[in-house]
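Everything below concerns the one structure shown next.
Since this is a predicted model, take the numbers as computed values, not measurements. Residue numbers start at 1 and run along the sequence shown.
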Amino acid sequence: MARPDSSFWLTRRRLLGALGGLGLSLVVPARAHEANLSLDEVLAHLRRASPLGAWVMTQALADPGVIQQSVGEVRFGRWDAEAFVCNRPKSRLVSAASVMVHESCHFLTRVLAARNDSEALAHPGSVGLILQPGRILVLRGRPTPPSRQAAESFPLFLKNSQRFATYIDSSSPDMTTQKFGIFGLLDEFAAYHAGTRAGLDLVREMVRRPSGSGPDWVTRLADADATVVAWPEFRGYILAWMAWVRRHEPQLFTLLLSHPNLRRAFREIDRSYGAIGHAWYRDLPSLLSSLRRAGIRIQARDETLLADGQGRGLFRKEFEATLAGIQNTPELVQVDRLLASS
């Protein structure tokens with residue numbers, strides 16, 4: 001069946017680049033005879049386990065209207081949601097759901113901005129950020145420097161982080177973090193928060209009624225873990241970008257601090273994302289113990305999950321190192337305090 005011309009598929013930023021930034025891959029070879037996921041199956045799992053993930057997808061698939069982009073009209077539909085789950089084996093449910101929720105947030109950001117503020121789309125870069133089910137904060141955009149302009153000033157630990165090349169030092173003019181600066185960074189922060197929460201919600205629900213092999217669980221847990229580290233990364237990116245603006249464009253820095261909802265959006269996403277990240281690493285040993293009690297042979301050794309000769313790495317060390325880097329950089333701490341003030 002031909003994909004409709006108005007489909008979101010034709011106008012989103014490059015899909016493979018986005019998935020690279022997510023730390024995930026769209027096409028993963030299935031094990032022999034392993035059935036693939038369907039969109040309805042993924043949506044059913046989200047409805048059972050993830051209030052935020054289910055809310056995002058309900059909004060995205062509710063035909064909320066056509067959004068005008070420079071390249072034409074954008075309408076999100078089942079074709080587009082299916083693109084993130086088709087040809088994905090059932091063992092990759094967590095990554096498929098996480099990516100689908102994340103990318104759906106990017107579509108909804110303009111829909112929700114327009115729905116909640118009739119003048120929002122007159123301001124390039126405006127975003128309607130999803131914080132919790134039904135909780136939206138609209139930020140009217142304004143011209144700001146692209147993230148790449150500040151890249152050289154970023155501390156080394158951020159330059160060495162996974163997503164720096166994709167979102168900060170990227171030469172792609174279509175990347176929202178390049179087109180809209182801080183508003184694009186917050187858009188990504190909110191999308192990673194929603195996608196990560198959906199993946200972690202699914203894993204916790206699946207542990208309650210575990211099925212599958214040890215290698216299946218290595219995949220599920222590692223896929224859930226893959227974007228937890230995006231919390232300290234984007235926390236650092238936003239603080240470092242703001243620190244650069246503070247030094248080079250102090251008037252803009254003052255305007256951004258006084259921008260309605262900007263500090264509130266950063267604080268709410270930051271606190272919620274940080275809470276689920278810390279809870280994940282706190283609870284992971286007990287999740288593994290629950291799986292072993294259910295007869296699933298899986299172990300964690302040196303930040304690696306192992307089962308039946310197969311292994312996947314975790315990102316806890318990077319998570320902690322990035323947080324420590326932020327805390328040990330006085331300029332970032334100062335900006336953080338300013339953003340945290342009411």
Side-chain angles (χ1 to χ4, degrees), residues 1-4 7-9 12 14-63 76-108 191-192 194-228 230 280 287 291 294 296 298 305 307-308 310 312:
M1 189 179 206
R3 187 175 296 277
S7 172
F8 181 50
W9 174 268
R12 277 291 290 130
R14 294 170 186 166
L15 180 59
L16 292 179
L19 292 172
L22 285 164
L24 302 165
S25 172
L26 181 65
V27 180
V28 178
R31 299 186 185 96
H33 309 301
E34 185 177 2
N36 286 339
L37 292 163
S38 68
L39 175 59
D40 288 335
E41 180 181 6
V42 177
L43 293 175
H45 277 282
L46 287 172
R47 285 192 291 270
R48 282 195 298 271
S50 180
L52 180 56
W55 189 88
V56 168
M57 295 314 303
T58 297
Q59 299 301 308
L61 295 172
D63 194 19
F76 192 93
R78 286 185 65 91
W79 276 109
D80 307 292
E82 286 171 348
F84 301 110
V85 302
C86 68
N87 299 320
R88 303 277 281 176
K90 289 182 180 291
S91 59
R92 304 306 298 269
L93 167 66
V94 172
S95 68
S98 180
V99 172
M100 182 176 68
V101 169
H102 175 118
E103 293 297 328
S104 297
C105 284
H106 285 311
F107 167 69
L108 284 171
Y192 269 105
T196 300
R197 180 178 282 278
L200 296 178
D201 286 345
L202 287 179
V203 158
R204 290 177 183 276
E205 175 65 21
M206 295 168 77
V207 168
R208 295 189 183 99
R209 294 184 293 274
S211 63
S213 66
D216 287 337
W217 278 100
V218 166
T219 297
R220 291 164 184 161
L221 294 170
D223 282 347
D225 181 76
T227 57
V228 174
W280 168 246
L287 296 175
L291 292 173
I296 295 169
I298 185 171
L305 296 171
D308 296 342
Q310 297 188 35
R312 289 270 304 272

query = What's the verdict on salt bridge (Lys or Arg N to Asp or Glu O under 4.0 Å) for Asp223 and Arg312, showing C-alpha distance, side-chain angles and the deciding distance?
reply = CA-CA 9 Å; Asp223 282 347; Arg312 289 270 304 272; 2.9 Å; yes
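- The distance from the CZ atom of Arg92 to the OG1 atom of Thr219 is 6.0 Å, given to the nearest 0.5 Å.
- Using a 4.0 Å cut-off between a side-chain N of Lys or Arg and a carboxylate O of Asp or Glu, Lys90 and Asp216 do not qualify as a salt bridge.
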inquiry  = Checking Arg88 against Ser95 for the side chain to side chain donor-acceptor pair (under 3.5 Å) test, could you report, in this order, the C-alpha distance in whole Å, the side-chain angles of both residues, the deciding distance, and whether it holds?
reply    = CA-CA 9 Å; Arg88 303 277 281 176; Ser95 68; 2.3 Å; yes
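- Going from atom CE of Met100 over to atom CG of Leu43 covers 5.0 Å, rounded to the nearest 0.5 Å.
- Here the CZ atom belonging to Arg48 is positioned 7.0 Å from the CD atom belonging to Glu205, to the nearest 0.5 angstrom.
- The distance from atom CG of Leu305 to atom CG of Asp225, rounded to the nearest 0.5 Å, is 7.5 Å.
- Thr58 places a side-chain N or O within 3.5 Å of a backbone atom of Ala54 that can act as its donor or acceptor partner.
- Within the 3.5 Å criterion, the main-chain N or O of Ser211 finds a donor-acceptor partner in the side chain of Trp217.
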message = Does Phe84 form a side-chain contact (heavy atoms from CB on, under 4.5 Å) with Leu39? I'd like the steps, not just the answer.
response = CA-CA 9 Å; Phe84 301 110; Leu39 175 59; over 6 Å; no
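- In this structure, CE on Met206 lies 9.0 Å from CG on Leu221, to the nearest 0.5 angstrom.
- Here the OG atom belonging to Ser98 is positioned 9.0 Å from the OH atom belonging to Tyr192, to the nearest 0.5 angstrom.
- Ion pair Arg78/Asp40 flagged as a salt bridge, since at least one NZ, NE, NH1 or NH2 atom sits closer than 4.0 Å to an Asp/Glu carboxylate oxygen.
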